[in-house]
Amino acid sequence: MKQPIVQITSVAKSFGTFQVLTDINLTVEAGTVCCLIGPSGAGKSTLIRCINHLEKVDRGRIYVNGKLVGYKLVNGRLHEMKPREAARNRADTAMVFQHFNLFPHFTVLGNITEAPIQVRKDRRVEAEAYGRELLHRVGLSDKENAYPHELSGGQKQRVAIARALAMRPKLLLFDEPTSALDPELVGEVLDVMRSLAREGQTMVVVTHEMGFAREVADKIVFMDGGAIVEAGPPTTLLDSPKMPRTQAFLSKVLKY
Ligand code: ADP
Ligand code: MG
């Protein structure tokens, strides 16, 4: 039995009077890949941001690697953590964004070593050695001294993945990592993500790349209207979805 890395129970969230997440329950086991799919506005980004405590939940609980995210239990009551404590609590998780979010004034290697040196207090030589190893893994060994503006979108996103890996996260979150890329650059990023999956990195990926989801996901979760409509292994969810809303969505996005 695999241990769950992510455990979400009864999570709800509103922005003002608009309920963006309704009773979300989801488990992601260690070493597996979970792809979140669904129409724009379904709540996918909000859910993934709640896992990282970039958004607060109104109700329910989220555990990452057995730790309650963003809150602590004191005498049976939940208290929100102070920002510094929440940041430490978040160390098991790293996130890759649609628009890369690299530090423009740092070199590629500087982007990767910043958090290990500043947050985890690693020694520079060690952070740089591991950073170079990660750059090799994402195929960018020759770019360590380049600045982000000198890179293509696909290269920037691969640096962002290396930067996320530098904190040795138990969980990697991706929010539409290839949506901002020119079509010919999508493959190089998906290739890196595929290799991470093969190495057993636990990942939650919001994506519209159905081919990738089919090939790499252990579980695909279809969200609509702030709820999980249906979830299952790729063959079940993509080839024989049960719910009419899933069927309608897939008939629009699955073009062969
Ligand atoms: P998705 O990623 O599936 O497209 P989001 O999680 O980004 O969906 O958004 C879900 C809904 O919540 C959308 O209707 C969006 O407009 C709304 N929303 C997202 N973030 C905010 C916010 N900070 N304030 C108000 N509404 C928001
Ligand atoms: Mg989104």
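Ligands are counted one by one from 1 in listed order, and the atoms in each one are counted from 1 as well.
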Any sub-3.5 Å donor-acceptor pair from Asp175's side-chain atoms to Gln98's backbone N or O? no
Mark yes or no for whether Lys44, through its side chain, and Gly38, through its backbone, hold a donor-acceptor pair below 3.5 Å. yes
Exam field: side chain Arg158 to backbone Val138, donor-acceptor pair closer than 3.5 Å: yes
Main-chain N/O of Gly31 paired with Thr202 side-chain donor or acceptor, under 3.5 Å: yes
How would you list, by chain and number, every residue that makes a ring-ring contact (aromatic ring centres under 6.0 Å, His included) with Tyr63, sequence neighbours excluded? none
Do Thr93 and Asn52 get their side chains close enough for a donor-acceptor pair, meaning under 3.5 Å? no
Donor-acceptor pair, distance only, cut-off 3.5 Å: does the side chain of Glu230 make one with the backbone of Leu237? no
For ligand 1, the residues whose heavy atoms come within less than 4.0 Å (ordered by chain, then number): Phe15, Phe18, Val20, Pro39, Ser40, Gly41, Ala42, Gly43, Lys44, Ser45, Thr46
Listing protein N, O or S under 2.8 Å around the Mg ion (ligand 2) gives Ser45 OG
Lys NZ or Arg CZ of Arg168 over Tyr130 ring: under 6.0 Å, within 45°: yes
For Val119, the hydrophobic cluster (side chain heavy atoms closer than 4.5 Å, chained through members) also holds Met167
